[in-house]
Amino acid sequence: MRVLIAFLLGLAGSLAFGWWGFPQLLYQREPQPLQYNHKIHIEKGSMECSSCHEVAADGQFAGIPRTASCGACHAEPLGKTEAEKILVTSYVAPERELDWKVYSRQPMNVRFSHAVHVNKAAMKCEECHGGRGSATAAEPFYRNRVTGESRNVWGPRMIRVGLKPGEGMKMSDCESCHEQKGVSAGCLGCHR
Amino acid sequence: MADMAWVPTTMLDRKFVPRGVTRCTPARFSLWLTPWCLLLGLGLWAAYLCLRDGLLHTNMDNRFAFGLWIFLDLAIIAFGGGAFFSGVLLYFFKLKELNAVIRSAVLIGFLCYSGAVTVLAIDVGQPLRAWFTFWHPNAHSMLTEVTFCITLYLCVLAVEYLPVLLRNRQFRKIPSFLVFEWELHKLIPVLAGIGAFLSFFHQGSLGGLYGVLRGRPFAFRESFGIWPTTFFLFVLSAMAVGPSFLLIMTRVAEWVTRKRLVLESVYVRLARVSGWMLTFYVLLKSIDTMVWLNSTSRRGGFLPWEYYSWEPFGVWILFVEIGLFGFVPALWLMRAGKVNTSWLIAPALLACAGVALNRYVLTVQTLSLATLPFDEFLSYTPSWQEVAVFGGVVAYGVIVYSVLYRYTRLFPQEQER
Amino acid sequence: MFPGVNGFHWSPVHIIFLSAFGLVLSVLLVTLAVAFFRTLRDVRSGRAGAIAWHCDFEDLPRQERLCRHAFEGAAPGRLCDRGFDCRDCETHPKFATIETRWPVTLPAGLEYPETRLYHRGHTWVEPQPDGTALIGLDDLGARVFGAPEVVELPAPGTKLSVNGAAWRMMRNGASVSVRSPLEGEVIAHGAPGGQWQLRVKPEAGERAFRHLLSGAEAHAWVNAETDRLMILLSSTPTGAALADGGALVADLHQALPDAPWDEVSAAMFLNC
Amino acid sequence: MSATQKTSRTPRRYGMVIDLDRCTGCGACVIACAAENNVAPGAARENDRNSISLLRVFTLNNPTAAGRRTAFLPMMCMQCEHETPCVTVCPQQAVELDVLSGIVEQMPQRCLGCRYCMTACPYHARSFNWGDPSWPAGMEATLNPAVAPRMRGVVEKCDFCQSRLHAAQDAAAVNGSLDPGIYTPACVEACPTQAITFGDWNDPEGALAKSGETFAWLEGLGTQPKVRYRSGQNWLHEMAERGGAAPAKEERHG
């Protein structure tokens with residue numbers, strides 16, 4: 001009996017370490033430079049994803065907007081929040097760029113074409129990026145201390161069965177989608 | 001390791017030496033180990049250099065992408081084949097004489113395989129990526145088969161050797177160790193069975209490694225199903241040369257320790273088994289060579305004489321491999337019991353040399369020959385680092401074998417003289 | 001390789017590969033697990049001693065594995081293959097009817113009373129009228145080991161098995177495990193330094209004592225054992241002093257402090 | 001059965017025809033290839049046998065006594081189509097024959113560095129990173145961002161400038177198409193005499209189909225290379241047909 005209790009305690013301890021402790025060690029939490037509210041932009045500003053995130057001319061990177069495009073609307077604070085004040089005084093007025101942490105940035109050897117997926121396959125942004133576009137606050141960014149990549153590439157869930165859109169951007173997630181849609185890309189289709 | 005009339009009371013490690021056998025003093029034993037430890041140290045240094053800076057420490061290049069290591073790996077794994085074949089003969093064909101050498105055979109097998117895997121890790125150069133093959137294996141590749149079988153077989157050999165280790169004088173003071181040993185020993189035939197199964201496939205797939213190379217007409221052979229003929233020839237040659245190697249190693253151990261470790265009848269049995277297998281192998285090898293020269297190679301647009309027009313790799317190499325190192329030792333070994341037993345080491349050495357030459361021809365000579373008509377014949381000399389890594393592995397084998405000879409009963413017949 | 005991992009397909013090649021790999025790995029693990037659980041079972045059911053003896057016996061030097069009938073000439077040079085357990089031996093009754101070939105005299109000064117039965121590990125057994133039996137070290141054993149500094153006796157109630165460990169004794173760095181001559185339950189300890197060490201309730205029936213030596217057979221065996229002791233000691237630097245054919249001293253340990261007593265005691269008490 | 005005749009389900013079967021009569025051996029293709037694919041400049045220890053060379057130019061001499069002439073032979077990965085020697089041997093699926101483009105793909109990220117593919121390749125078209133690649137200070141700025149740098153201990157080879165194929169695919173996608181069409185690898189672009197024609201063997205109207213009679217090296221092996229050659233000189237055809245490991249006897253002794 002005592003052995004059983006010790007075993008169960010050890011098991012629980014190991015699981016807790018694996019689920020909670022190890023990610024704490026592995027990932028470094030980094031705040032976004034500003035609290036950004038996607039929802040308010042879409043609802044009150046009646047904007048679309050592509051209003052700010054443009055696909056580059058070569059079709060590759062959807063793009064994080066530059067401060068200048070924020071300044072088009074936010075020349076003066078549009079509300080009374082602290083973030084609004086910081087945006088205008090610290091970034092828009094001195095024309096400084098915001099150091100946004102990109103959740104879905106892939107490793108160097110991966111090549112992703114927004115043009116193929118958005119223009120040709122007519123996929124919605126949510127199919128990969130999940131509900132981030134309608135969130136009210138910018139969630140914290142976690143950087144892998146070893147590889148330097150974003151934790152969102154792996155996704156928050158440890159058990160990777162039945163993942164919802166936007167819960168992971170690992171190679172297997174890309175692959176399973178490609179398999180579902182019956183399009184094969186080959187290794188060098190996505191790698192360079 | 002050498003002889004001693006009595007184990008002195010003052011001997012520090014007396015309590016670990018099996019009772020009923022004599023061993024030399026620790027000082028003498030250390031003296032014996034010292035050169036081997038130095039060699040091991042040199043090997044470790046060379047291995048460190050290769051892992052630190054990459055394989056530019058070797059003389060391999062884009063043409064000689066496999067060098068000394070693949071030849072030696074293939075050769076020592078063939079020699080280690082004695083472990084599985086002796087197990088099969090003992091447990092399934094009930095050749096009881098082999099009980100006298102089975103522990104030594106299993107240990108030699110384990111050392112050969114672990115040594116080969118170590119050399120592989122260094123000479124492939126990326127041990128941290130070794131798991132790739134297990135996680136994303138290409139089931140069509142001979143190398144995948146080799147990797148899986150060797151890894152599993154290494155585990156099997158380790159478990160097979162465990163009983164011998166547990167019989168050390170200090171371990172056996174814990175009664176449950178001996179009970180575990182006894183229970184495990186009853187199940188050893190199961191392990192010998194899967195060991196034989198694994199060995200069959202990896203000895204074979206090591207042969208297939210070169211036999212499937214369509215782009216290397218010198219090595220390419222006809223296939224049965226998915227396996228080229230070299231698959232089967234490698235299995236047979238490992239079975240043939242395994243007992244011979246065991247014979248040599250036991251003789252060497254007797255010479256170094258200056259003791260009689262096994263009965264003469266054991267040598268006769270090993271030699272006969274080796275002789276018969278070798279005869280069978282050499283016959284099939286001759287047929288295979290004829291088919292390859294006259295059919296396989298010509299179909300790919302290569303005339304057989306072209307392979308042998310480069311000095312020093314003339315046609316003589318074919319005759320030496322099949323004749324001098326094949327038929328001669330085969331006939332000699334088969335006559336064991338009728339000829340002087342103490343001379344049997346000579347044909348055993350010839351047989352081992354033949355199989356080593358076979359591995360050398362298939363690897364190094366294959367890479368030397370150009371396939372493109374305008375390309376050159378190339379030569380290759382291993383760098384000191386490559387040689388040192390291999391020397392280190394040999395030293396590792398000698399050290400472990402010596403230590404285990406000293407502290408466990410490798411030869412049950414040793415005490416009966 | 002594994003379903004769900006990139007590059008795996010449910011194709012025949014992958015299925016064959018995966019099942020062969022899984023089969024071999026599971027056979028290996030099952031073998032280890034079976035051996036492990038059988039060990040647990042053996043240890044729990046008290047068979048550990050008998051099994052350990054079985055392994056020890058295999059590793060004993062040849063001259064220590066001679067059949068009991070080899071000493072008095074009925075079966076010269078015959079090796080025992082049953083771990084000195086004559087209780088179920090088929091050939092023992094046949095040899096027992098053969099006349100001894102060699103005359104036997106007990107070495108000078110040694111006492112082996114006819115009332116006692118002797119075990120090959122140098123213990124004696126004396127059946128008592130109340131159905132119990134006393135166990136002690138025999139004369140040669142006592143002379144070889146002398147007075148032990150430490151004796152670890154099994155607690156009353158402990159089950160002993162034939163040739164299993166009965167008790168441990170230590171002296172001057174030498175340590176031996178004395179083999180039990182009987183199968184039975186320990187009832188009481190003897191007085192320290194006394195004649196007998198254990199009082200045992202043996203297993204019922206006549207076969208309980210069949211494997212023990214007595215009378216002329218015991219004497220023949222003691223003769224051979226004395227010779228063996230001489231040979232063991234003769235290869236030591238001080239050994240020559242002994243080979244004079246005289247009587248053995250009471251405490252060899254004291255008389256020859258430089259001899260390798262750990263080795264010699266282990267050999268005499270059939271320790272590995 | 002040659003690459004030119006085979007029909008297949010692969011949508012594109014990219015290949016080349018190299019006109020040996022036009023090649024001047026200038027080496028512009030070699031330089032362009034190295035620059036495009038982020039091949040580090042050779043270290044002092046490197047020679048032609050242990051450096052990274054995705055594209056090499058051989059000098060061929062006419063072995064017959066009469067009409068001694070020299071030809072230059074650019075060789076890269078031949079993109080073998082049938083029983084591709086390097087694909088089946090790779091123990092961890094780091095090499096594959098792409099079903100969309102017919103290009104033999106090498107994945108350095110998955111490569112263990114066992115070099116079995118290098119021994120399998122009859123054209124010796126594969127290179128191994130024997131040491132760490134290093135760029136002289138300031139030269140990192142010349143790196144091509146579309147090609148990932150490779151580490152020490154992995155094998156690499158020509159992949160028909162995959163980065164340029166990607167760019168062509170992206171450009172097509174911007175216009176709503178998935179077909180990248182015929183793009184231009186770096187060596188083709190750099191060749192001053194236009195000796196290299198790049199195209200699709202599946203396209204009956206394409207440049208490859210119109211290139212006339214072509215031959216391949218080591219055709220007897222049956223691997224159906226998609227890089228083929230043309231020449232008006234008989235001795236080159238004869239040399240290619242000979243397939244063998246040894247040169248003609250007189251040259252060997254001469």
Side-chain angles (χ1 to χ4, degrees), chain B residues 5-11 14-15 17-22 133-140 144-145 148-149 151-153 155-156 159 162-163 166-167 169 172-188 190-191 193-195 197-198 201 226 409 412-413 415-417, chain C residues 1-2 5-9 11 13-18 20-21 23-25 27-32 34-43 47-49 51-56 58-64 164-165 173 175 177 235-237 239 258-263 266-267 271-272:
Chain B
W6 179 257
V7 186
T9 326
T10 48
M11 210 164 97
R14 187 168 49 100
K15 292 194 170 160
V17 172
R19 199 164 64 76
V21 298
T22 52
T133 309
F134 296 94
W135 201 240
H136 304 287
N138 174 10
H140 301 276
T144 309
E145 209 173 299
F148 272 78
C149 290
T151 315
L152 283 174
Y153 189 47
C155 300
V156 171
V159 175
L162 201 59
L166 290 179
R167 283 192 168 210
R169 225 168 117 190
R172 72 190 310 155
K173 283 189 178 161
I174 304 161
S176 37
F177 274 26
L178 265 191
V179 177
F180 183 71
E181 189 273 327
W182 191 68
E183 290 292 359
L184 192 58
H185 201 263
K186 284 200 291 189
L187 298 169
I188 286 285
V190 178
L191 295 181
I194 55 169
F197 172 80
L198 289 170
F201 281 102
I226 56 170
R409 233 184 265 275
Q413 289 174 355
Q415 65 206 4
E416 298 184 8
R417 293 176 179 266
Chain C
M1 176 69 198
F2 307 105
V5 174
N6 156 267
F8 180 86
H9 308 284
S11 61
V13 180
H14 276 109
I15 293 168
I16 292 170
F17 202 82
L18 186 66
F21 174 65
L23 182 76
V24 170
L25 199 62
V27 167
L28 185 62
L29 293 178
V30 165
T31 308
L32 272 177
V34 166
F36 181 75
F37 284 110
R38 283 184 178 177
T39 306
L40 273 187
R41 184 198 62 192
D42 294 340
V43 170
R47 293 177 59 220
I51 292 172
W53 162 248
H54 192 94
C55 296
D56 281 345
E58 271 179 31
D59 277 354
L60 284 180
R62 186 189 172 94
Q63 67 274 15
E64 289 173 25
S175 153
S177 166
S235 50
T236 69
D258 293 334
W261 283 109
D262 195 34
E263 290 283 312
N271 282 203
C272 252

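Below, read A as the first sequence line, B as the second, and so on, with proteins coming before strands; counting in each chain starts at 1.
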Decide yes or no for C:L28 and B:C155: does some side-chain heavy atom of the first lie under 4.5 Å from some side-chain heavy atom of the second? yes

Where on B:V156 is there a heavy atom nearer than 4.5 Å to chain C: the side chain, the backbone, both, or neither? both

Separation between CH2 (C:W53) and CH2 (B:W182), nearest 0.5 Å, reads 14.5 Å

Option in C:S177, C:A48, C:A266 with maximal non-hydrogen atom pairs under 4.5 Å from chain B: C:A266

Closest-packed option against chain B by number of heavy-atom pairs under 4.5 Å, given C:L40, C:V34, C:D42: C:D42

In terms of heavy-atom pairs under 4.5 Å with chain C, which of B:H185, B:E181, B:R169, B:R167 leads? B:R167

Pairwise distance OG1(B:T144) to CZ(C:F17) - rounded to 0.5 angstrom: 5.5 Å

Cut-off 4.5 Å, heavy atoms of chain C, and the answer for B:F197 is side chain

Interface moiety of C:A267 toward chain B, non-hydrogen atoms closer than 4.5 Å: both

Heavy-atom distance under 4.5 Å to chain B: side chain of C:V43, backbone, both or neither? side chain

Got a second to check how far B:I194's CD1 is from C:L23's CG, nearest 0.5 Å? 8.5 Å

Contact summary for B:P137 and C:H14, nearest pair of heavy atoms: O-NE2, 4.1 Å

Can you tell me how far the CZ atom of C:R38 sits from the CZ atom of B:F180, to the nearest 0.5 Å? 11.5 Å

Compare every heavy atom of C:D56 with every heavy atom of B:R172, then report the nearest pair and how far apart it is. NH2-OD1, 2.7 Å

What is the distance from atom OG of B:S176 to atom CD1 of C:I51, rounded to the nearest 0.5 Å? 11.0 Å

So which part of C:L32 gets closer than 4.5 Å to some heavy atom of chain B, the side chain, the backbone, both or neither? both

From CG (B:L178) to CD (C:E58), nearest 0.5 Å: 10.0 Å

Which portion of B:L198 sits near chain C, non-hydrogen atoms under 4.5 angstrom: side chain

Any heavy-atom pair between the side chains of C:L25 and B:L152 that's under 4.5 Å? yes

